[in-house]
Amino acid sequence: MSTESAGTSTAANADGVAPGSADDDQLLVLTAVLLTPAQFPSVLGDDYPEVCAGLGLEPYEQGYGLVLGQDGRGARWTVVTDDVSLVACAVAAWDCGMEYDLSPNEDSVVEALPGWPLALAVAAPGVPEPHDPEPEEGGPAVLRPPDAGRWGPAQRRLGADEIALRWAVWREQVEDGVTFVDPGARPHAGVQRALAEARAYVAAPPPPGRIRSAFAAGEARTLRVDGPGWSMVARTDDIAFVLLDDQPGEILPVGRGPELPGLLRSLEALAVRPA
């Protein structure tokens, strides 16, 4: 399947493609995302190997780019490319409101997978509405986005993404003096379990992507740590927030206290960072 760019932003409206201009085997590109140990769609899994497994890919260290689009019949396709730099440049340009023609070389295409693993609210013009292609006998299963409409792992991870993206907004809702446990209060069992599992990562590093580090203001870093049934977002110079599968919609703050700073330093030393 050849590729043809059909949009200029991650919220692509597919401007620039004339109606009826696409051949059936061309991909009208709507958006693209990185799939690397440091950057991947969190909604798809707790770590990089888990996300790769869900897509039927080998978890190569260099990662992939996922290019989502429609063919000339309107069918949804996800093209997997090993040209990570190309996809990274396209995403960066789109984020700045610039046009970028994302057309992976055929030699860099690893797989063309039917369907989309992520929900998109956009479509290419001049072709039928987005729909799943007919599955091929012996071929890969059609990709579909995880159910994020109800609380569960996908919603929990999306919630953690939101906190990391808008840290200042969420931080304002927590008193500065919050600690692990208020005097006389019983520890929250789920939070204590998440922290214990995070501490265990220091002795036995988890799969790549379970601990990720991103830029924050000053010399601080934003840490994203995930585990079975929990996600934690923290600033290395501040507090942490924990979300749990068994606590629907709740965001549980963890204060600095005597333990958190050392734990965050240890986790930061293990974290993968965007290139």
Regarding S213 and R221, do their side chains bring together a donor and an acceptor under 3.5 Å, going by distance alone?
yes
Flag side-chain contact, heavy atom, 4.5 Å: L28 against D71
no
Across all chains, not counting sequence neighbours, the side-chain hydrogen bond (donor to acceptor under 3.5 Å, both in side chains) partners of D237 are R235
Looking at V127 and G72, what are the two nearest heavy atoms and their distance?
CG1-O, 3.6 Å
Got a donor-acceptor contact below 3.5 angstrom from the S108 side chain to the T81 backbone?
no
Check whether any side-chain heavy atom of S231 lies under 4.5 Å from a side-chain heavy atom of F241, and answer yes or no.
no
Which atom names give the shortest non-hydrogen contact between V122 and P130, and what distance separates them?
O-CG, 4.3 Å
Taken in chain and number order and not counting sequence neighbours, the residues that satisfy side-chain hydrogen bond (donor to acceptor under 3.5 Å, both in side chains) with R273 are E268
Evaluate whether atom CD of Q62 has more than 12 neighbouring non-hydrogen atoms of other residues, nucleotides or ligands under 6.0 angstrom away.
yes
List the atom of S266, the atom of V202, and the distance in Å for their closest heavy-atom pair.
CB-CG2, 3.7 Å
Nearest heavy-atom neighbours spanning V67 and P104
CG2-CG, 4.1 Å
Under a 3.5 Å threshold, yes or no: a donor from one side chain and an acceptor from the other, between S103 and D101?
yes
Just how far is it from atom CG of L243 to atom CD1 of I163, taken to the nearest 0.5 Å?
4.5 Å
Verify, without hydrogens or angle tests, whether Q70 (side chain) and A124 (backbone) share a donor-acceptor contact under 3.5 angstrom.
yes
Tell me whether W167 contacts the main-chain N or O of E162 through its side chain, where contact means a donor paired with an acceptor under 3.5 Å.
no
Listed partners of P114 passing side chain to side chain contact (heavy atoms under 4.5 Å, CB included), at least two apart:
W77, P133, P140, V142
Should we count CD of Q173 as having more than 12 external heavy atoms under 6.0 Å?
yes
Does R210 have any side-chain hydrogen bond (donor to acceptor under 3.5 Å, both in side chains) partners at least two apart in sequence or in another chain, and if so, which?
D47, Y201
Tell me every residue that passes side-chain hydrogen bond (donor to acceptor under 3.5 Å, both in side chains) with E111, counting only those two or more places apart in sequence or in another chain.
none
Between CG on residue L44 and CG on residue L118, distance to nearest 0.5 Å:
5.0 Å
Apply the test side-chain hydrogen bond (donor to acceptor under 3.5 Å, both in side chains) to residues R212 and T222: give CA-CA distance (whole Å), side-chain angles for both, the deciding distance (0.1 Å), then the verdict.
CA-CA 8 Å; R212 289 173 280 162; T222 298; over 6 Å; no
Would you check if L35 and L57 make a side-chain contact, meaning some heavy-atom pair closer than 4.5 Å?
yes
Counterpart residues, side chain to side chain contact (heavy atoms under 4.5 Å, CB included), relative to R150 (two or more places apart)
D147
Salt bridge check, D161 against R224: does any charged N sit closer than 4.0 Å to a carboxylate O?
yes
Taking 4.0 angstrom as the limit, do R157 and D226 come out as a salt bridge?
no
Over all atoms of both residues, closest heavy-atom pair of L223 and A271
CD2-CB, 4.1 Å
